[in-house]
K.L.:
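Before anything else, here's the structure in question.
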Amino acid sequence: MSNKPRKKKAGKRSGPTAATGAPKSAGNPLDRRQSSSGVPVALARQQQQRAGSTRAVPLAVRESSTAARSARGNATSARPATLRVDEEQRGSHGCAPTTVVAAEPQGLAATYTWRAPTAGEPYSMTVRFVGTRVGAEGTDDARDRFEQTERVDGLAAGTGPVALTTRVSGINAGEWRVTASPVTRPGATPAVTGLSRRVITTKTVFGQLAQGPAVRLAAWPLLVGLGAVVAIALQALLAARVGINVAAVLAVSLVGCLLGFVGGKVWYLVLHRRHPRTFLTAGACIQGFLVVALGVIALGAALLRLPPGTLLDVTTPGVFFGMALGRPGCFLTGCCAGRPTSSRWGLRSSDRRLAIRRCPVQLLEATAALAIGVVSLALVLAAPPPLPGAIFVGSLAAYTFCRQLLFPFRTESRTSRGRTVTMVASGLVLVGVVGVSGLL
C-alpha cells in the first residue's frame with residue numbers, strides 16, 4: 001500500500017456553498033471567470049445583480065409612468081384656485097427719502113393673494129389678519145399687536161389673481177409678522193379651495209406710504225404735474241397767437257391751478273363727508289379743480305381787461321390734454337377705480353384695498369379727454385368762433401356727457417336719475433352751442 005494521501009474528487013467538497021444549495025462554481029461560467037481572476041464569487045454575484053437593476057426600463061413602462069404624472073398634473077391644474085401669498089411684502093415707498101419713510105404715524109400693509117374660480121356664481125371672501133411686532137413678546141403695549149378682518153362680497157369668477165390688502169396705521173415701528181387666515185362661515189362651502197393660513201413678514205413705513213400691490217403713489221403727482229405744465233404751455237402759445245398778453249395769462253393760470261387744487265380737495269371732502277383735518281391726506285376731485293381754476297381764469301380776465309370768452313377758448317385744448325395725461329395717474333394710484341370684471345378687456349388695478357381685474361374707466365376717460373382736446377384745438381386753430389367762449393362751453397358739455405356715460409363702470413355709486421338728468425342737460429347745451437355758433 002502506498003502512504004501517499006488521497007486526492008478528493010471534485011464535486012465532493014463540503015462547506016457553506018454546498019450546505020446552502022448555492023450554484024456550484026463549476027456550473028457557472030461567470031463564477032469560473034471571476035474565480036480564475038481572484039475575485040470572490042459572492043462579490044461577483046452582487047455586481048451582476050446591480051448591473052441587472054440598472055438596465056433600461058421598457059418603453060411601455062416609461063409611457064405608463066409619464067401618463068400617470070400627466071394625470072396628476074391635470075388634476076392639480078383643475079383646482080378652482082391656488083394660493084399665492086407674498087412671503088416677504090415688498091416696500092411700497094419706492095424712492096421716498098428715509099426721513100419720510102420713518103415719519104409718524106407708522107403703518108404697514110399686508111396682502112393675501114388667491115386665484116379666483118374659473119366659473120361659478122359670485123362669491124365672497126373673508127380674511128383675518130393678525131400682526132405682532134417682532135421682539136415684542138410679553139409686552140402690554142397695544143401698539144405692538146393688531147387684528148383686522150377684511151371681507152369682500154360679489155366677487156366674479158374668472159377674474160384671475162385677486163389680492164386683498166389690509167392697511168394698519170398708528171403702530172410701533174419695526175419688523176412685523178402677520179398671519180393671514182381665510183375665514184369660512186360654519187356649514188358654508190368655500191368658493192375658493194386650496195387656501196390656508198400663511199405668515200408674512202413686513203416692515204413699517206410712514207402710514208400713507210403703506211400700500212398693497214398695483215398702487216404706485218408717485219404716478220399721480222408726476223402725471224398730474226406734467227399735465228398742468230402741458231396745459232399752461234399750450235395755453236400760452238395759443239394766447240400769443242390771438243394777441244393776448246402772455247405774461248398776464250400765465251400769472252392768472254398759475255393762481256388758478258393753485259386755487260383749483262384746493263377746490264378739488266374741498267370738493268372731495270364734501271362729497272365723501274370727510275373731516276377737514278384729513279385735508280392733506282384726502283383725495284381730490286377733478287370737478288372741483290375745473291370749477292375753481294376756470295372760474296379764477298374768467299375772473300382774472302375780467303380784472304385784467306382780457307377778453308374772457310377768447311381766453312377760455314384758447315385755454316380749453318390745454319385743459320383736456322392735461323386731463324388726458326393726468327387721468328392715467330389715477331389708474332396707477334388706485335383712485336376713481338373701475339368695477340371688477342371678468343372681461344378680457346379688463347386690466348388689473350387696485351382701489352388701494354382690492355387688486356383685481358377691473359374696467360379701466362380712468363383710461364377710458366383719458367381717451368375721451370384726448371379726443372375733446374384734439375377737436376377743440378382744431379377749432380381754435382381754424383378760425384375764431386362767432387360766439388367767444390363757445391368752444392369752451394361746448395367742450396365742457398361734451399366732457400360732462402362722456403363722464404356720465406362712464407360712471408356705471410366705476411365703483412362709486414351714482415343714481416340713475418341724476419345721471420340721466422345730467423346727460424340730458426349737457427347734451428342739450430352741446431347741441432345748442434353747435435347750433436348757435438355753427439362750430440361744425
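As the structure is a computational prediction, the values presented were derived from the model and not from experiment.
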K.L.:
Salt bridge or not for R327 and E365, using N-O below 4.0 Å?
P.N.:
yes

K.L.:
With the side chain counted from C-beta on, respond yes when T400 and M423 share a heavy-atom pair under 4.5 Å apart, and no when they do not.
P.N.:
no

K.L.:
Could you walk me through whether L164 and W114 pass the side-chain contact (heavy atoms from CB on, under 4.5 Å) check?
P.N.:
CA-CA 9 Å; L164 181 60; W114 69 92; 3.8 Å; yes

K.L.:
Who passes ring pair (Phe, Tyr, Trp, His ring centres under 6.0 Å) against Y399, sequence neighbours left out?
P.N.:
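For Y399 the ring pair (Phe, Tyr, Trp, His ring centres under 6.0 Å) partners, ignoring immediate neighbours, are F320.
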
K.L.:
Among L155, I356, T159, which residue satisfies the side chain to side chain contact (heavy atoms under 4.5 Å, CB included) criterion with S342?
P.N.:
T159

K.L.:
Under 4.0 Å between a side-chain nitrogen and a carboxylate oxygen: does that hold for D141 and R133?
P.N.:
no

K.L.:
For the atom pair CH2 (W176) and CZ (R145), what is the distance rounded to the nearest 0.5 Å?
P.N.:
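Atom-to-atom, W176:CH2 and R145:CZ are 9.5 Å apart.
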
K.L.:
Might you work through the side-chain contact (heavy atoms from CB on, under 4.5 Å) test for M323 and I286, ending with a clear yes or no?
P.N.:
CA-CA 9 Å; M323 283 196 290; I286 187 64; 3.7 Å; yes

K.L.:
Verify, without hydrogens or angle tests, whether H272 (side chain) and R274 (backbone) share a donor-acceptor contact under 3.5 angstrom.
P.N.:
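Flag not set: sc H272 to bb R274 has no pair under 3.5 Å.
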
K.L.:
About how many Å separate CG of L332 and CZ of R216, when rounded to the nearest 0.5 Å?
P.N.:
8.0 Å

K.L.:
When you compare the side chain of I297 with that of L311, does any pair of heavy atoms fall below 4.5 Å?
P.N.:
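In short, these two side chains touch, coming nearer than 4.5 Å.
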
K.L.:
Search all heavy atoms of P360 against all heavy atoms of F331 and return the closest pair with its distance.
P.N.:
CB-CE1, 4.2 Å

K.L.:
Counting N and O atoms only, with roles assigned by atom type, does the side chain of S395 sit under 3.5 Å from a partner on the main chain of F392, one being a donor and the other an acceptor?
P.N.:
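No; zero donor-acceptor contacts below 3.5 Å.
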
K.L.:
Roughly how far, to the nearest 0.5 Å, is the CG atom of L223 from the OG1 atom of T333?
P.N.:
7.5 Å

K.L.:
State whether a side-chain donor-acceptor pair under 3.5 Å links R151 with T126.
P.N.:
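R151 vs T126: donor-acceptor pair found between side chains.
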
K.L.:
Using the side-chain contact (heavy atoms from CB on, under 4.5 Å) rule, take V168 and F129 through it: C-alpha gap first, then chi angles, then the decisive distance, then the call.
P.N.:
CA-CA 10 Å; V168 185; F129 296 87; over 6 Å; no

K.L.:
Do the side chain of D351 and the main chain of G334 share a donor and acceptor less than 3.5 angstrom apart?
P.N.:
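The answer is no, because no donor-acceptor pair under 3.5 Å joins these two groups.
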
K.L.:
If you compare all heavy atoms of L269 against all heavy atoms of P276, which two are closest, and at what distance to 0.1 Å?
P.N.:
CD1-CA, 4.2 Å

K.L.:
Identify, with sequence neighbours excluded, every residue that meets ring pair (Phe, Tyr, Trp, His ring centres under 6.0 Å) alongside Y123.
P.N.:
none

K.L.:
Is it the case that over 12 heavy atoms from other parts of the model lie below 6.0 angstrom from the CG atom of D153?
P.N.:
yes

K.L.:
Walk me through it: do I171 and T204 pass the test side-chain contact (heavy atoms from CB on, under 4.5 Å)?
P.N.:
CA-CA 8 Å; I171 57 179; T204 59; 3.9 Å; yes

K.L.:
F206 and A103: which non-hydrogen atoms are nearest, and at how many Å?
P.N.:
CD1-O, 3.6 Å

K.L.:
Of all residues at least two apart in sequence or in a different chain, which pass the salt bridge (Lys or Arg N to Asp or Glu O under 4.0 Å) check with R352?
P.N.:
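None.
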
K.L.:
Please report the closest heavy-atom contact between V361 and A337, naming both atoms and the distance.
P.N.:
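In terms of heavy atoms, the two residues are closest at CG1-C, 4.1 Å.
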
K.L.:
Using the ring centroid of each side chain, check whether W267 and F289 are separated by less than 6.0 Å.
P.N.:
no

K.L.:
Evaluate T166 against E150 for side-chain hydrogen bond (donor to acceptor under 3.5 Å, both in side chains), listing each step before the verdict.
P.N.:
CA-CA 7 Å; T166 188; E150 302 286 348; 2.9 Å; yes

K.L.:
Is there a donor-acceptor pair closer than 3.5 Å between any side-chain N or O of R167 and the backbone N or O of A109?
P.N.:
no

K.L.:
Does any non-hydrogen side-chain atom of V127 lie less than 4.5 Å from one of M125?
P.N.:
yes

K.L.:
Taking all atoms of both residues into account, what is the closest heavy-atom pair of V429 and A397, and its distance?
P.N.:
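For V429 and A397, the tightest heavy-atom pair comes out as CG1-CB, 3.9 Å.
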
K.L.:
Report yes if the side chains of V249 and Q235 come closer than 4.5 Å at any heavy-atom pair, otherwise no.
P.N.:
yes

K.L.:
Would you call F279 and V262 a side-chain contact if the rule is heavy atoms closer than 4.5 Å?
P.N.:
yes

K.L.:
Are there more than 12 heavy atoms of other residues, nucleotides or ligands under 6.0 Å from atom CD of E104?
P.N.:
yes

K.L.:
Quick check: do L347 and L363 have side-chain heavy atoms less than 4.5 Å from each other?
P.N.:
yes

K.L.:
First locate atom CG of L238, then atom OG1 of T310, and finally report the distance between them rounded to the nearest 0.5 Å.
P.N.:
12.0 Å

K.L.:
Would you say R358's side chain and G338's backbone share a donor-acceptor pair under 3.5 angstrom?
P.N.:
yes

K.L.:
Is a side-chain donor-acceptor pair under 3.5 Å present for T165 with T111?
P.N.:
yes

K.L.:
Which value, rounded to the nearest 0.5 Å, describes the distance between R305 atom CZ and N245 atom CG?
P.N.:
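It is 14.0 Å, given to the nearest 0.5 Å.
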
K.L.:
Starting at NZ of K265, measure out to OG1 of T278 and round the result to the nearest 0.5 Å.
P.N.:
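With rounding to 0.5 Å, NZ (K265) is 8.5 Å from OG1 (T278).
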
K.L.:
Any side-chain heavy-atom pair from P340 and R357 closer than 4.5 angstrom?
P.N.:
no

K.L.:
Which heavy-atom pair separates A398 from I372 by the least distance, and what is that distance?
P.N.:
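Residues A398 and I372, closest heavy atoms: C-CD1, 3.9 Å.
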
K.L.:
Just so I know, are the side chains of R348 and P161 near enough to count as touching, which here means a heavy-atom distance under 4.5 Å?
P.N.:
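Result yes, sub-4.5 Å side-chain heavy-atom pair found.
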
